[in-house]
Protein chains: 4
Amino acid sequence: MQSRTPASRAGRPRSAAADTAILAATREALVELGWSKLTLGDVATRAGVAKTTLYRRWAGKNELVVDAVAELFDELRLPDCGTLAADIEGVVLQYAAILARPEAKSGLMSVVAESIRDEALRERIRASIVERQKRLVLEGRARAQQRGELPPESDPEEAARTVDLIFDVVAGAVVHRTLVSAEPADEEWVRSFARILLFGLTGAGEDHDAAPPPAEGP
Amino acid sequence: MQSRTPASRAGRPRSAAADTAILAATREALVELGWSKLTLGDVATRAGVAKTTLYRRWAGKNELVVDAVAELFDELRLPDCGTLAADIEGVVLQYAAILARPEAKSGLMSVVAESIRDEALRERIRASIVERQKRLVLEGRARAQQRGELPPESDPEEAARTVDLIFDVVAGAVVHRTLVSAEPADEEWVRSFARILLFGLTGAGEDHDAAPPPAEGP
Amino acid sequence: MQSRTPASRAGRPRSAAADTAILAATREALVELGWSKLTLGDVATRAGVAKTTLYRRWAGKNELVVDAVAELFDELRLPDCGTLAADIEGVVLQYAAILARPEAKSGLMSVVAESIRDEALRERIRASIVERQKRLVLEGRARAQQRGELPPESDPEEAARTVDLIFDVVAGAVVHRTLVSAEPADEEWVRSFARILLFGLTGAGEDHDAAPPPAEGP
Amino acid sequence: MQSRTPASRAGRPRSAAADTAILAATREALVELGWSKLTLGDVATRAGVAKTTLYRRWAGKNELVVDAVAELFDELRLPDCGTLAADIEGVVLQYAAILARPEAKSGLMSVVAESIRDEALRERIRASIVERQKRLVLEGRARAQQRGELPPESDPEEAARTVDLIFDVVAGAVVHRTLVSAEPADEEWVRSFARILLFGLTGAGEDHDAAPPPAEGP
DNA sequence: CTGTAACCGAGACGGTACGTCCTGTCTTCTA
DNA sequence: TAGAAGACAGGACGTACCGTCTCGGTTACAG
């Protein structure tokens, strides 16, 4: 989380408990107050820690919140459900479950909004949150290829672009459903979404130029 | 924007020019400073207006920013490109163009983040921004149905759910691409995304229970 | 009180009732709020009058309060009590009675304090409040001279100086007793004060160089 | 001025230099602007101090001005001039000299006016300004009694009342001369005033019931 | 077992912005 | 043309946080 560069510097070492307490207090405050009303002084008080201690470890509110929220994504795992369809549903549901928590909603969107004007913050978010999720998409594809549900990629660059695209679609849809539409991304919704995504993925590769055939739905 | 109730109340009427100046100043400040560093005092100064005038018309920063950003969406139109595929690409591109503007990025995401803890703000966003966009999805579907590209909906409730889903997918993908991945939603990306969406929409309705057939890509 | 320049200007004449209502409202507000918390907007509301009307007639808070307080001194009269001693007591008691009223305390001292930095205000106070009181001292001396209690003045300039001195002593003592010591200037106090003043006045003229004889008091 | 209670509390101690700078800046602002136009923000700026520092130590403008003005009275000393007459003149002159300073004029009268509606403020003024002066009256009487110019008091309660009366007369006269009449309390005026006071004090005790003898002046 | 270096809590500090209130001016409608 | 109503520019208010600093005290490793 922070630099620990050399070996074991002289002097009193930093309290490890403080880190835990601060991040927990941050999430608690996010739930109660939301990002914009969260103050570092209040977080310090909740954590039973001096404001100085907090500033010694994080540069500011944004960095602190990124770390606090990032811990929520530690539990994200890709379950092996046997089919690509089930895997997609599984990972989307997990992502939706995390975004259903108020500390994630409040914290994540706000720091993303802040990151628009702050390159370092954007990088921190990417490293500690986004990449962790994107790994799941990669794992899922590899597994589907092993099963024969998806063909092995021919052009690796094109394949990377597709992963990015899928990730934006999945994460974006869940985020928009949860935050903007403010409706729960429940099982039914996830199933509908996964259908569209699956058909999009498996159908979109067939023919790049032919118009798609007319269909009954939606 | 504000009450317009009776006919022509007593006392000096509110300056219409002030509204315009304030909203423009707000967008300008959003571009330069971003949401979190935007100050109502600064906006007032830029607009050549007293702080009180600003507070007389808006309850706070969030309400002001929503109105300022909402004006950006006034220009959103659905072009009639002849085919569903082209229409989808067209509207996604337009939405992407708006989200490419820094005042939209900074403003929109921040107020959405704030709206998580503020029902009234969420409603204001829905009314002045979201609904305006969702109308385009409805228009596009009606047009596609006229052309015969999409069948008329049988269950109107199911149809409404589908519109919401599509909207979350489209808007979410563009938002995520633009803000989180911080890559431009350019023509190439939009074409790829529209392909997936089109196949998803036209293919997903075919058979609700059968597994999709294996495909080549990606 | 204010300009009334020519004869009877064209257009709607100023409401005379408004003046009365405004001054009464000013005194009422002085009692309830004191000078520093009194606002012209509040006075206008109490008087059932628009702020504009108020500003059309008075230049500001200070001028308004001077006029409002000056009306309190209209009732000041010098009773003919038969002896100089009784006359002094009588006028001091009257002055004390006015200063016992909270609107006088609050208003008078504040405008005097303001007048330190405002020549025009000082002149207005002198004209509408101070001179009115000083007249009583002049009357009292004339009456005492007629009775033979005081000798006629030889040097008119010296006499004027003495009147000023007496006035400062009398008014100053009552003001200080009432405001700074915050004790009532009741009959007992006035009697003690009048004794000192009377002996001072009648004894001080006797011998300008000789040291006063030792005495029993105070 | 503020609490000094325990030994050396935790945390960064308050800057002593700040107190000095703030009070000096307050007097400076009083001279330039007067009480009503004096701003706490401006005082803070002049003192090179943050507004918060100022509010941490004083409850408001009035308390601050009392303390700033009170320091002016620190220099007040009773000179031993040998006779009661000379002592009176000396102390009155000193008091007049302080009241001649614009910061005293502006500040003192305004806070006294405010104190009418604020018991705590009145007490603060009494403690830090009035009592300090009243001590001089006590010293002066004791000295005169040692010299035999005044008899020792028989009734201590009556004696206290007399001290209060004298103080109101002396302070009130100087204040009224300086502020209301707006004339300097110069040596000549002080001599005339001291004469009256001296005769009043030494003569008033002689006979409580007899009418004073007719005299030549004023 | 003793420096000493880095930590810790507490809280004052110089700042910035807040949202409210009041001032004195103006603009409109009504009488 | 006066008056009521109320919007306007401007500016001070007192509060809340920010991020920094200066204290007295406490660990825990190094000599």
Side-chain angles (χ1 to χ4, degrees), chain A residues 7-15 17-18 37-45 48-61, chain B residues 7-15 17-18 36-45 47-61, chain C residues 9-15 18 36-45 47-61, chain D residues 7-18 36-45 47-61:
Chain A
S8 69
R9 306 288 293 101
R12 177 175 174 176
R14 289 189 177 167
S15 157
K37 303 210 163 156
L38 177 152
T39 65
L40 295 201
D42 179 54
V43 168
T45 304
V49 140
K51 230 179 3 154
T52 333
T53 301
L54 212 150
Y55 276 104
R56 208 174 286 122
R57 302 175 188 211
W58 285 276
K61 184 154 130 173
Chain B
S8 69
R9 300 292 299 100
R12 179 173 173 176
R14 291 191 176 168
S15 157
S36 69
K37 304 210 165 155
L38 177 150
T39 316
L40 293 203
D42 179 55
V43 168
T45 305
V49 140
K51 226 177 4 152
T52 31
T53 299
L54 214 149
Y55 278 105
R56 204 175 290 121
R57 301 173 187 214
W58 286 276
K61 186 155 130 171
Chain C
R9 307 287 291 98
R12 177 172 169 177
R14 287 189 178 171
S15 157
S36 68
K37 303 210 166 157
L38 177 153
T39 64
L40 295 199
D42 180 54
V43 168
T45 305
V49 140
K51 233 178 3 152
T52 330
T53 302
L54 213 150
Y55 276 105
R56 207 174 285 125
R57 303 178 185 206
W58 285 275
K61 184 156 132 173
Chain D
S8 71
R9 301 293 298 103
R12 178 173 175 174
R14 290 193 177 168
S15 157
S36 69
K37 302 210 165 154
L38 177 151
T39 321
L40 294 204
D42 179 54
V43 168
T45 305
V49 139
K51 222 173 12 148
T52 33
T53 299
L54 215 148
Y55 278 105
R56 205 175 288 120
R57 302 175 186 212
W58 286 277
K61 187 155 131 173

Residues forming a side chain to side chain contact (heavy atoms under 4.5 Å, CB included) with [X], sequence neighbours excluded:
| X | result |
| --- | --- |
| A:Thr39 | A:Asp42 |
| A:Ala17 | A:Ser15 |
| B:Ala59 | B:Glu63 |
| D:Thr45 | none |

List in chain and number order the residues that pass side-chain hydrogen bond (donor to acceptor under 3.5 Å, both in side chains) with C:Ser36, two or more places apart in sequence or in another chain; answer none if no residue qualifies.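 Here the qualifying residues are D:Glu114.
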Pick the nucleotide of DNA chain F nearest each of A:Ala59 and C:Ala18; which residue has the one closer to the 5' end?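 That would be C:Ala18.
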Distance below 4.0 Å between A:Arg57 side-chain N/O and E:dC8 OP1 or OP2: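 Affirmative; the distance criterion is met.
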Side-chain N,O (C:Arg56) to OP1/OP2 (F:dG3) below 4.0 Å: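 Yes, C:Arg56 has a side-chain N/O under 4.0 Å of OP1/OP2 on F:dG3.
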Below 3.5 Å is the cut-off: list the nitrogen or oxygen pairs between protein and nucleotides 20-22 of chain F, distance only.
from: F:dC21; atom 1: O2; to: D:Arg12; atom 2: NH1; distance (Å): 3.2

If you look at every strand shown and take non-hydrogen atoms under 4.0 Å, does A:Gly60 touch a base, only sugar-phosphate, or nothing?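 If one applies the 4.0 Å heavy-atom cut-off, A:Gly60 turns out to touch nothing in the nucleic acid.
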Can you sort out which residues in residues 37-45 of chain D have a heavy atom within less than 4.0 Å of DNA chain F? Ascending by number, please.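 Residues of residues 37-45 of chain D under 4.0 Å from DNA chain F: D:Thr39, D:Leu40, D:Gly41.
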For A:Arg14 and E:dA6, what is the distance between atoms CZ and P respectively, to the nearest whole Å?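 One finds 11 Å between P of E:dA6 and CZ of A:Arg14, rounded.
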On a heavy-atom basis, which atom in B:Ala50 and which in B:Ala44 lie closest, and how many Å separate them?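 Shortest heavy-atom separation between B:Ala50 and B:Ala44 comes out as C-CB, 4.1 Å.
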